[in-house]
Structure formats: C-alpha cells, structure tokens
Amino acid sequence: MTSAPGPRRPSSAVPPAWAAGSLLDTLDAEDREALLRLGTRRRYGDQEVLMMAGAVGDAVYMLLDGLVLVVGETEEGEESALAIRAAGEVVGELAVLDGNLRSATVRAAGPVTALRIAPASFIGFLHSHPAAQLQVLRSVARKLRSATQRRIETSGCDARRRLARVLYELAAEYGRPRPDGSVLLELSLSQRALGSLAGVAVSTTERALAALRAEAVLTTGYRQLVLLDPERLTDLCGY
C-alpha cells in the first residue's frame, strides 16, 4: 500500500505558495526573476474567468497564488472539468505558442493572483532565456502526460474508485494535513466539476460522496473537503 495523501513540499528556493515541480519551481533564480518582472499583476475572485474557450490567445497567465479550474465544453453544451492548476504554473501558453484560439476556459477556484503577460513579452522571454524555454516545453509535456495518466487510471474502474483516485490526487497536490491526521482540501469545486475530473456523472458523484460521508471517510462543506481517513481513501483507490 502507498502512503496516505500529504502535501508535496516545495523546494527551499521558492515561496511555499508555489507548487513543487511547477514552472516557477523548475526555473533557475535568474530566469524566474526575469519572468516575474513581466506583465501586470491581477487579482481574480472565486469563479471569475481568466480566459474563455474560443477566444484569441491575447495573454499568458503566470499563477502566483491560488488555484484555477480548466474546463471544456461537451457537444451538449455542458462544462467538463479537465484539470486544476496551482500557483507556480503557467496557463494560456498553448494559444500564444501555436497561434490558435483558446481550447479551454480557465476559471478561479477561490481567490487567485496572476501575472497577465502579453504574447510578445512571453515569446521574447523564451527567445532570450533558452533554459526557461526548455522548462516551458517540459511543463507542457507534464500536463499532457498527466491528462493521459488520468485517462488510463480511470478507464475500466467503477465510479467509486474513479472518484477516490481524483480525491487522492487532489489531496496529494493541494491538501493540508491537520494535527488529528485528517487532510483539509480547500477548493471551490462543485460536485459536477469533481465528477468531471473523475469522468463520473453528477448524480453518481453525489451518491459516491454520500457513501464516503456515511463511512466517515470524508466530510464536505462550503469550499472545502476534509479527508477524515486518508488511509481508507488509499485503500479505495486500489493502490
């Protein structure tokens, strides 16, 4: 059995708010400082949209604090959650790099602070900082690999296990351990968004969460979820 979820420790070279393994974490100090000098700092409220699917790629957003939800739209016109991005990550870079329209909408999941960087400034930065250019490419590859891995892990699993694995991943990335052994996950995610990440219908998500609450695996509240029994969640994942 693997260990229960816990937060990933950021490197000592960056503030704790930046996710370990994120773009800002992987850049060297000189490149990181140069990137942070670009753009304009913006603040976004919970559920506020940073960028819309189908729009022109008129900026890159460097997340400095908080979390965002990346969502797409199904053929039926319903939103489907695709990923979560944390402080230290860059979003919106694909449309700037390939010149196509935005492929997804990015919305704040709680308060967010980000640098809004013009395309020309971002491209100029990459040209003048080749090591950073490589890290940006690795960041894109990491996102694609993560999306592929999630698809593999959730295919063939029942809804309960799919949801458990998404909760495990979120807790490992963004959870905060508490003295009593539980893990606090503060995310502004609807049950629909959580189900979308797991590839589960909202009605099934509601039933699965109700069952997990009844078994004292977790509790849910406004903009937060508490894993009361992380080891039990690990068991449910089948790891």
Side-chain angles (χ1 to χ4, degrees), residues 7-46 48-71 82-149 169-170 172-174 176 186-187:
R8 296 182 183 177
R9 296 181 180 275
S11 73
S12 59
V14 298
W18 297 348
S22 65
L23 178 62
L24 287 181
D25 187 29
T26 58
L27 292 178
D28 64 34
E30 182 179 345
D31 288 345
R32 184 164 56 244
E33 290 170 6
L35 178 58
L36 292 175
R37 285 195 296 268
L38 302 178
T40 304
R41 184 179 292 246
R42 299 282 183 88
R43 297 183 186 278
Y44 301 88
D46 184 29
E48 191 171 350
V49 172
L50 281 72
M51 65 187 74
M52 286 290 296
V56 174
D58 59 351
V60 168
Y61 294 82
M62 189 72 248
L63 303 178
L64 302 180
D65 187 48
L67 301 168
V68 298
L69 183 66
V70 182
V71 299
L82 304 175
I84 290 176
R85 301 286 179 238
E89 296 286 3
V90 63
V91 293
E93 74 276 26
L94 289 182
V96 168
L97 293 174
D98 67 12
N100 289 323
L101 300 179
R102 303 283 193 199
S103 58
T105 294
V106 175
R107 181 181 295 116
V112 168
T113 302
L115 279 179
R116 188 179 189 277
I117 303 173
S121 296
F122 186 68
I123 297 298
F125 166 78
L126 295 181
H127 281 311
S128 59
H129 296 79
Q133 186 176 148
L134 176 60
Q135 293 302 335
V136 169
L137 291 175
R138 285 177 172 169
S139 172
V140 172
R142 193 163 56 243
K143 293 173 184 177
L144 294 175
R145 189 183 298 276
S146 176
T148 301
Q149 187 63 31
E169 179 183 338
L170 293 177
E173 289 280 355
Y174 312 120
R176 289 196 289 115
E186 294 180 296
L187 290 176

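As a basis for the values below, the full set of heavy atoms in this structure was taken, side chains included, without hydrogen atoms, waters or symmetry mates.
For the pair V68/L63, a side-chain contact is recorded, criterion being any heavy-atom separation below 4.5 Å from C-beta on. A heavy-atom distance below 4.5 Å is found between the side chains of V96 and I123. Looking at heavy atoms from C-beta onward, M62 lies in side-chain contact with L35 at the 4.5 angstrom threshold. Residues F125 and L38 meet the side-chain proximity criterion, which asks for heavy atoms closer than 4.5 Å. Between E33 and D28 there is no side-chain heavy-atom pair separated by less than 4.5 Å. Side-chain contact check for V60 versus L115: every heavy-atom pair is 4.5 Å or farther apart.
We find the CZ-CG distance between R43 and L64 to be 9.5 Å, quoted to the nearest 0.5 Å. Put simply, CG on L50 and OH on Y44 are 4.5 Å apart, with the number rounded to the nearest 0.5 Å. Atom OG1 of T40 is separated from atom CZ of R116 by 8.0 Å, given to the nearest 0.5 angstrom. Rounding to the nearest 0.5 angstrom, the gap separating the CG atom in L36 from the CG atom in L27 is 8.5 Å. Taken from CG in L137 to CD in E93, the straight-line distance is 10.0 Å, to the nearest 0.5 Å. Expressed to the nearest 0.5 Å, how far CG of N100 lies from CG of L94 amounts to 9.5 Å.
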Exercise. Might you work through the side chain to side chain contact (heavy atoms under 4.5 Å, CB included) test for V71 and R107, ending with a clear yes or no?
Key: CA-CA 8 Å; V71 299; R107 181 181 295 116; 4.1 Å; yes
Practice problem: Please report the C-alpha distance between V136 and L23 in whole Å, then the side-chain angles of each, then the deciding distance to 0.1 Å, and finally whether the side chain to side chain contact (heavy atoms under 4.5 Å, CB included) criterion is met. | Solution: CA-CA 7 Å; V136 169; L23 178 62; 4.1 Å; yes
Exercise. Could you check Y174 against L67 for side chain to side chain contact (heavy atoms under 4.5 Å, CB included), going step by step and ending with a plain yes or no?
Key: CA-CA 9 Å; Y174 312 120; L67 301 168; 3.7 Å; yes
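A95 and G57 make their closest contact through CB-CA, 3.8 Å (heavy atoms, listed as atom of the first residue, atom of the second, distance).
Applying the ring-ring contact (aromatic ring centres under 6.0 Å, His included) test to every pair with at least one member in residues 90-110, sequence neighbours left out, gives no pairs at all.
For E48, there are no side chain to side chain donor-acceptor pair (under 3.5 Å) partners at least two apart in sequence or on another chain. Applying the side chain to side chain donor-acceptor pair (under 3.5 Å) rule to S121 yields no partners; only residues at least two apart in sequence or on another chain are considered.
Using a 4.0 Å cut-off between charged side-chain N and carboxylate O, R41 and D65 make no salt bridge.
Checking side-chain atoms of R142 against main-chain N and O of G21 turns up a donor-acceptor pair under 3.5 Å. A donor-acceptor contact shorter than 3.5 Å is absent between the side chain of S139 and the backbone of Q135. Between the side chain of S128 and the main chain of G124, a donor-acceptor pair closer than 3.5 Å is present. Checked by atom type and distance alone, the side chain of R102 pairs as donor or acceptor with a backbone atom of G92 at under 3.5 Å.
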